[in-house]
Amino acid sequence: MKATNVLMAGFGGQGMLLAGKVLAQAAMAKGLQVSWLPSYGPEMRGGTANVIVCISKDPIASPLVSRPDALLAMNLPSLDRFEKSVVPGGTIVVNGTLIARESSRADCRVVRVDTRALAQAAGNERAVNFVMLGAYVGATGVLPAETVEEAIADEFREGKEKHIESNVAAFRVGLEEGRRAAFASEVHA
Amino acid sequence: MSKVLMKGNEALGEAAIRAGCVHFFGYPITPQTEIPEYLCKRLPEVGGVFLQAESEVAAIHMVYGAAGAGVRCMTSSSSPGISLMAEGMSYIAACELPCVVINMMRAGPGLGGILPAQSDYFQATRGHGHGDYQCIVLAPASVQEAVDLMTLAFDLAEKYRNPVMVCADGMIGQMMEPVEFRTEGRGPPMAENDWALTGCEGRPRRIVNSLHLAPEQNFACNVRLKEKYDRAAREEVRFEVYGDERPDLLVVAFGTMARISKSAIDDLRREGRRVGLFRPITLNPWPYARCRAAMDAMPVGAKVLDVEMSMGQMIYDVKLAAEGTRAIEFFGKAGGLVPSPDEVAERIRALLP
Amino acid sequence: MGHIAIEQVRCKGCGRCVVACPKNLIEYGTELNERGYAYVVFKGSPEQCGGCTLCAVSCPDQGIEVYNSRDRKVFVNTTGLTEAMTHYCPGCTHGVVHRLVAEVLEEMGLLGRTIGIAPVGCSVLAYEYFNFDMFEAAHGRAPAVATGAKRARPDRIVFTYQGDGDLASIGGNEILHAANRGEKITVIFLNNAIYGMTGGQMAPTTMPGQKTTTTPFGRDTADTGQPLRVAEMLATLQTPAFIARGTSHDAKGTLKTKKLIKEAFEHQAAGRCFSFVEVLSTCPTNWGMSPNEASDWVEEAMIPYYPLGILKRPEAVKA
């Protein structure tokens with residue numbers, strides 16, 4: 001695979017750090033090199049929380065990335081701040097629940113998902129992070145969906161098994177959304 | 001052994017246990033707090049001792065007491081806390097006791113901020129506390145290297161009976177990467193020795209002391225320490241070279257900044273530029289001769305760029321290595337801002353013909 | 001009847017024994033020993049000496065041996081101290097308290113299992129005098145060093161020996177938290193109301209109105225606060241502990257203090273609790289007094305403010 005770097009950004013509490021960890025775990029399970037670099041700051045609830053996940057078959061040089069291949073923007077400040085940094089031809093997943101405007105990047109594949117509605121449909125309205133992750137994996141095929149699902153399941157072991165099903169379900173509805181968007185953009189192209 | 005995805009701070013804690021260190025004394029400070037948080041859970045499982053001290057001052061003196069009593073021990077902190085430990089480090093070095101101190105550097109001066117920095121380079125490599133002593137300083141650039149260097153840190157601490165500092169920037173502590181631990185379970189305890197205070201039953205009494213009122217005696221102590229540091233300079237220098245061997249520009253950087261520079265170098269080499277990296281892994285002893293050799297291999301007119309997350313501290317060592325044979329350029333940011341791969345690449349481009 | 005042997009070379013001529021002898025059998029001498037001190041002399045006859053040992057108990061310099069009527073030694077110098085002669089000024093009672101600690105450890109059979117810690121202050125050279133494993137430590141940090149050593153070697157006896165500048169001022173935080181954690185260590189705290197080593201500056205324990213080199217007009221409590229009663233402060237902690245205050249200014253007080261020190265080490269040896277013995281002591285040099293004037297000053301000025309006795313015992317062993 002081609003090395004890929006994804007920036008996941010949102011409010012603290014939206015679960016983007018966890019979604020990033022799951023992605024990194026899944027990539028590791030496929031024998032790839034990974035790094036997971038969070039922004040860390042004096043964060044209070046509602047502060048920003050970003051993470052950059054690098055995935056590559058070669059050792060990862062900089063875990064800090066100037067131009068990510070993909071951006072998962074959970075809120076408007078994240079889209080405003082990072083949209084321009086995405087490489088041309090990259091992927092931008094926009095959380096349509098909280099972001100009213102469209103992406104200004106015509107040269108990127110933009111996937112818009114109503115995370116809240118989809119998470120509710122999956123039976124876990126908090127699992128918006130996995131809806132986003134699903135949409136990203138569906139749109140890019142960066143990793144096999146089942147590998148990511150296993151990584152989600154691994155995250156909820158040891159007494160938290162009851163959360164596996166609904167989080168995986170949230171990932172799947174996101175995945176379908178992402179695949180549909182990718183298919184549509186290819187047809188359109 | 002299989003790889004696990006771990007945060008740098010937690011991996012360092014586990015690495016200490018694998019290296020046989022089961023006595024930890026520390027005080028919370030961002031961005032290293034996950035080290036004590038990890039160890040307070042893990043150490044009781046392996047029969048170890050975790051103690052949250054009342055201050056960094058107390059923590060380092062607890063380390064002094066435990067090291068003097070002959071157990072493998074450590075503390076960890078971040079920049080402002082390390083400043084408070086200066087006193088104890090000086091005593092530990094003077095009394096020739098082994099211990100490991102982790103500095104997960106954050107931005108300063110003063111309270112500064114909690115974001116990553118490499119601004120404690122002077123502090124780490126130029127003594128830190130009072131008196132003619134030095135720490136051996138190891139600078140990892142990845143979580144795996146941090147883990148590997150912890151084992152080395154305890155080995156060197158005991159080989160030289162001297163504090164060893166593992167000096168990383170906050171990014172290494174906060175980042176998750178796959179890690180492989182090379183050994184299983186709790187490592188071996190410190191070997192029996194002839195200096196630890198254990199109670200004098202059946203042997204002459206021992207004293208751990210750094211007071212030498214007679215100047216000749218104090219000088220002798222200083223000479224003995226210097227001989228150790230000279231030996232370490234001969235035997236312990238570690239570094240990495242990367243990229244072109246005869247580059248038109250050589251980047252010198254350590255820790256995370258070296259990794260960031262690698263990405264910039266990769267980009268430039270794809271453009272056909274000849275760029276290399278020299279990365280000191282031991283910040284003290286510093287690999288002067290090897291860095292000089294890398295410079296001497298460069299074409300006439302080739303440049304050297306020192307890149308740091310500081311206003312320029314290691315650059316003085318790069319200049320010492322060059323001994324005036326080349327001009328040393330500098331690029332750096334401080335205060336918690338981290339030069340991006342693009343910024344480093346841009347700076348290199350501007351310097352290349 | 002008994003008699004005493006004064007080791008001339010060890011005597012600093014402080015005269016504490018002169019005052020301690022209930023029969024006034026010792027007097028100040030006029031001959032100088034090789035160190036330049038006018039050593040005391042025994043002026044009585046063997047029939048007069050009762051062999052009570054109070055002279056030896058008050059001697060800070062291990063300079064007197066006492067024999068009974070059958071010529072048997074009734075006061076034996078402890079093996080817990082080295083032969084070294086101390087650097088303390090004449091009449092300073094550091095030497096007395098060193099001896100009490102060493103005697104207790106010897107009597108309890110603990111010398112081979114003990115790790116002592118003496119930080120900065122007049123007693124910084126205590127490692128030259130205590131005849132077992134010793135740390136020298138940074139100013140104020142001995143309770144932290146002791147914490148590390150005790151946690152590393154829980155089966156050893158670990159104690160600190162600290163002065164008032166060290167413990168009550170720069171090391172205020174370390175002693176407070178070691179006590180509050182209930183570290184199973186013993187702290188011997190010498191309170192002589194002044195900084196001795198640096199030449200007589202104000203300590204946190206300096207008495208109101210007391211002249212020091214940094215309070216030349218007397219300690220003004222409105223400006224510098226009241227003398228710290230460390231034992232009382234530590235006794236307020238909820239953590240179980242043995243907290244006591246004794247004195248070393250006279251023979252009677254010294255004998256009582258030895259009992260306190262012994263109990264302190266017994267609590268540690270039983271793994272019971274933190275133990276702390278404050279000992280009032282004299283600093284004739286920096287107080288500008290003769291040794292015996294200094295002893296009187298402890299009695300008149302210090303004890304009323306720093307009352308003697310046991311302030312706290314662990315619940316389990318309360319009588």
| Who among C:L111, C:V158, C:T114, C:N173 has the most heavy-atom pairs with chain B under 4.5 Å? |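 Max contact count across the listed options: C:N173.
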
Write out, in numerical order, the residues from [range] with a heavy atom short of 4.5 Å from a heavy atom in chain B.
range                       : answer
residues 84-108 of chain C  : none
residues 120-136 of chain C : C:V120, C:V124, C:L125, C:Y127, C:E128, C:F130, C:N131, C:F132, C:D133, C:M134, C:F135, C:E136
residues 140-149 of chain C : C:R141, C:A144, C:V145, C:T147, C:G148, C:A149

Against chain C, label [X] side chain, backbone, both or neither, depending on which of its atoms sit under 4.5 Å from a heavy atom there.
X      : result
B:T198 : both
B:Y64  : both
B:A94  : neither
B:V49  : side chain

| query | Do B:L51 and C:R181 come within less than 4.5 Å of each other through their side chains, counting heavy atoms only? | reply |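 A side-chain contact under 4.5 Å exists here.
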
| request: State, yes or no, whether a side-chain contact exists between C:R151 and B:M62 at a heavy-atom distance under 4.5 Å. | output: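 Result no, sub-4.5 Å side-chain heavy-atom pair not found.
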
| field | Among the listed options B:H23, B:E87, B:H61, the residue most often paired with chain C at heavy-atom distances under 4.5 Å | value |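 Option with the top pair count is B:H61.
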
| request: Considering only heavy atoms and a distance below 4.5 Å, find which of B:G202, B:G88, B:A59, B:S210 pairs most often with chain C. | output: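 Highest number of heavy-atom pairs under 4.5 Å: B:S210.
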
| message | If you count heavy atoms of other groups shown closer than 6.0 angstrom to CD of C:E83, is the number above 12? | response |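 Counting neighbours around CD of C:E83, 12 or fewer heavy atoms of other residues, nucleotides or ligands fall under 6.0 Å, so no.
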
| Is the number of heavy atoms from other residues, nucleotides or ligands within 6.0 Å of CZ (B:F122) greater than 12? |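 Check passes, neighbour count above 12.
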
| How about residues 69-86 of chain B versus chain C: which residues have heavy atoms under 4.5 Å apart? |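 At a heavy-atom separation under 4.5 Å, chain C is reached by B:A69, B:G70, B:V71.
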
| field | Shortest non-hydrogen separation from C:R156 to B:G199 and the atoms involved | value |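 Taking every non-hydrogen atom into account, NH1-CA, 4.1 Å.
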
| B:E54 versus C:E174, closest heavy-atom pair with distance |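 Closest heavy-atom pair between B:E54 and C:E174: OE2-CA, 3.2 Å.
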
| task | Evaluate the criterion side-chain contact (heavy atoms from CB on, under 4.5 Å) for residue pair C:R153 and B:L197; output intermediate values, then yes/no. | result | CA-CA 9 Å; C:R153 305 263 171 205; B:L197 306 190; over 6 Å; no

| said: Given heavy-atom pairs under 4.5 angstrom as the criterion, report whether the side chain, backbone, both or neither of C:R113 touches chain B. | reply: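 Answer is both: backbone and side chain atoms of C:R113 are under 4.5 Å from chain B.
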
